[in-house]
Each structure stands twice: as C-alpha cells, then as structure tokens.
> 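Right, I'll just put the structure down here and ask away after.
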Amino acid sequence: MISLITVRNTVRDAKVISFSQLTQYLKCEPRWLTALLDELILRGKVERCDSSPSLACGKHCQNCQTQTTDPVYKWCENKIAISLC
C-alpha cells in the first residue's frame, strides 16, 4: 500500500501531474490514491485542477500541458496558509 509521504513527494517532484499519470507511476488503487490526494488538499499541500481539452492550453491550469480530461494535481509549495481564526 502506498503512503501519504510517497504521494506527497511524487506530486512535489512533478510540480504538476494528472491523476492517470499518478496511478500509473505509483501503481496504486485509484480509490486509495484519491483519499491520499484529498488529505494533501486538506493540508494545503496540493491543489486539484479539473482540466479539459479547452483548459489544457495552460490558460486556467498553471501550464499543465496535458491533453487529458483527468484531474490535474499541482504542488502548492510556495503558498502561505493564513488562518482567519
């Protein structure tokens, strides 16, 4: 079973990666990978960008450069989380 740290490191190293690329690279069950990615999103480490053929040009998805309708995940290393509480 793949760990949260492995998924985090893979997305961090890739900067931008599609869901299908992640499942192929990590050889992981899609439901488990989705759960791990959701946790990374909650922690503010990763953003999800739903790409489509019209968005694959990079205009709205931080230059994803993919031609897939898979969700694309982007590392959020340089963002600062601000708490409003």
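Model, not experiment: these values are computed from the prediction.
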> If I take atom CG from residue D70 and atom CD from residue Q21, how far apart are they, to the nearest 0.5 angstrom?
8.0 Å
> Roughly how far, to the nearest 0.5 Å, is CG of L26 from CD1 of I2?
4.5 Å
> Test side chain to side chain contact (heavy atoms under 4.5 Å, CB included) on R12 and L40; report intermediate values, then the result.
CA-CA 11 Å; R12 182 188 64 203; L40 290 170; over 6 Å; no
> Using a 4.5 Å cut-off on heavy atoms from C-beta on, say whether the side chain of V46 contacts that of W75.
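SC-SC contact between W75 and V46 confirmed.
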> Could you tell me if the side chain of F19 sits less than 4.5 Å from the side chain of V72, heavy atoms only?
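No; the side chains remain at least 4.5 Å from each other.
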> Are the side chains of E47 and C76 in touch, meaning some heavy atoms are under 4.5 Å apart?
yes
> Roughly how far apart are L22 CG and I17 CD1, rounded to 0.5 Å?
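Going from the CG atom of L22 to the CD1 atom of I17 covers 4.0 Å.
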> Under 4.5 Å between side-chain heavy atoms, counting indirect links through other Ile/Leu/Val/Met/Phe/Trp/Tyr residues: same cluster for M1 and Y25 or not?
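M1 clusters together with Y25.
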> Out of curiosity, S18 OG to K74 NZ, how far, rounded to the nearest 0.5 Å?
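With rounding to 0.5 Å, OG (S18) is 15.0 Å from NZ (K74).
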> When rounded to the nearest 0.5 angstrom, what distance separates CZ in R8 from CG in L37?
13.0 Å
> For the pair R48 and I41, evaluate side chain to side chain contact (heavy atoms under 4.5 Å, CB included) and give the outcome as yes or no after the intermediate values.
CA-CA 8 Å; R48 178 185 164 140; I41 290 168; 3.9 Å; yes
> Please say which of L33, T34, T6, T23 ends up in a side chain to side chain contact (heavy atoms under 4.5 Å, CB included) with C28.
L33
> Does any non-hydrogen side-chain atom of K45 lie less than 4.5 Å from one of V7?
no
> Answer yes or no: does atom CD1 of I5 have more than 12 heavy-atom neighbours from other residues, nucleotides or ligands under 6.0 Å?
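Check fails, neighbour count at 12 or below.
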